[in-house]
A.B. asks: 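The structure follows.
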Amino acid sequence: MNDGTPIGCRSAPVLRERGQHEVFCGLTAIVWLHRKMQDAFFLVVGSRTCAHLLQSAAGVMIFAEPRFGTAILEEGDLAGLKDANEELDREVARLLERRPDIRQLFLVGSCPSEVIKLDLARAAQRLTRVHAPHVRVLNYSGSGIETTFTQGEDACLAAMVPGLPATETSNLLLVGALPDVVEDQARVLLAGLGIDHVQVLPGRRADQDPAVGPHTRYALLQPFLGDTAAALDGRGATRIEAPFPFGEEGTTAWLRAVADAFGIDEATFARATDAPRARARRAVAAAAGTLSGKRVTFLPDSQLEIPLARFLARECGMEPVEIGTPYLHAGLMAPELDLLPTPVRLSEGQDVERQLDRLRADRPDLTVCGLGLANPLESEGLTTKWAIELVFTPVHFYEQAGDLAALFARPLRRKAILAGSFSLPVAGNTPGSGAEPRRAP
Ligand code: SF4
């Protein structure tokens, strides 16, 4: 974007709202984390509500013997009539006997386990002593009281950091769970820059966990990893400050920040990135025609909202009206805010009725929101994009830039097609075609 639009929202006012909100809790992150960590099991200690949430969020995956489940707290546990710890130990022993492939077990806290103050951190220590060295037991909270949607991944990775092996060597750590194919693309790009000792948190298996120390530099792949970043800082690692690798521009800026941290020269950078950059630009341009000039609002969901709005504004010519995010981490988001066009309304947290009032007054061309709001808003004539797809679909780095733009273009195209269509013409049946109406005998 080079049209003279002012940019830079680092010091823009942020509308902070607290009230009723329509978001997932952090348990949902288990759906993609268990696919990434191939020898891990996620045991939610919660209620039937938690089990139902996971079932509906995971969709058909629940039929594929997934590596997650819920230890359901019954009324007796909640009333303190039974020793929930003893029951948990028994459940874990049974599970590990049945699934000897499990090497990491996460006890995931929920609202009910927090309300009855079940000490899962202590339970994890106790169970590690029992089941080490074959299985390591960790704990984090995915409860709706403490976490929103993608924050579940942050809580999980932050819980892993204290147990990572120590190193004194200089290494690069990529932080965030991406689909394997996208992670491999990042490794290829970095190898092109001459950086090939790359480790990723989380590793695909327990024995692939990265080492961390005072000479570790790490780059975040996702914007919602504030606690994990703080934990890595606590281990002496240094964060490479960069925008997130969405779109051609975001990917290039992210790679450039890493290249600068490792002293890679400009010629090497150009050699490694020129061709994929050109491909990404062409792919984005194919969808940008539909998006250019359209107004977009993000309702809070995943913390991906600001980087995605930056991508849509700068590479696809869209105009962000309101960018809502469940939580705005000023430090991690600073490079993104520097790139956002102004003016734009930034909001953090949610008071859903007030936000919907603003949305109805704004009437943007596209509203990015959760599944619970999408259909009601469509019925009001607004065009929506389900935000959850942006978390489950591969959208990072150059090769996905075109797909990312297409995800936003699709609902607008569908709307245009439906608006232009009139009722389908009914063709007369040709005798003998097999399509004749049935006659009454
Ligand atoms: S953790 Fe809390 S918000 Fe999430 S499903 Fe369980 S009860 Fe509901």
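Read the numbers this way: they start at 1 and go in the same order the structure lists the ligands and their atoms.
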A.B. asks: The criterion is salt bridge (Lys or Arg N to Asp or Glu O under 4.0 Å); which residues satisfy it with Glu336, sequence neighbours excluded?
C.D. replies: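 Partners of Glu336 under the salt bridge (Lys or Arg N to Asp or Glu O under 4.0 Å) test: Arg310.
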
A.B. asks: For residues 208-239, pull every pair meeting ring-ring contact (aromatic ring centres under 6.0 Å, His included), keeping only residues two or more places apart or in separate chains.
C.D. replies: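 Pairs touching residues 208-239 that pass the test: none.
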
A.B. asks: Check for me whether the distance between the ring centres of Phe42 and Phe106 falls short of 6.0 Å.
C.D. replies: yes

A.B. asks: Under 2.8 Å from atom 4 (Fe) of ligand 1, which protein N/O/S atoms are there?
C.D. replies: Cys25 SG

A.B. asks: Provide the full list of salt bridge (charged side-chain N to carboxylate O under 4.0 Å, His left out) pairs with a residue in residues 156-174, sequence neighbours left out, each pair given once.
C.D. replies: none

A.B. asks: When you check the gap from the basic side-chain N to the acidic O, do Arg360 and Asp357 get nearer than 4.0 Å?
C.D. replies: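 Answer for the salt bridge query: yes.
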
A.B. asks: Looking at Trp254 versus Phe246, is the centre-to-centre ring distance below 6.0 Å?
C.D. replies: no

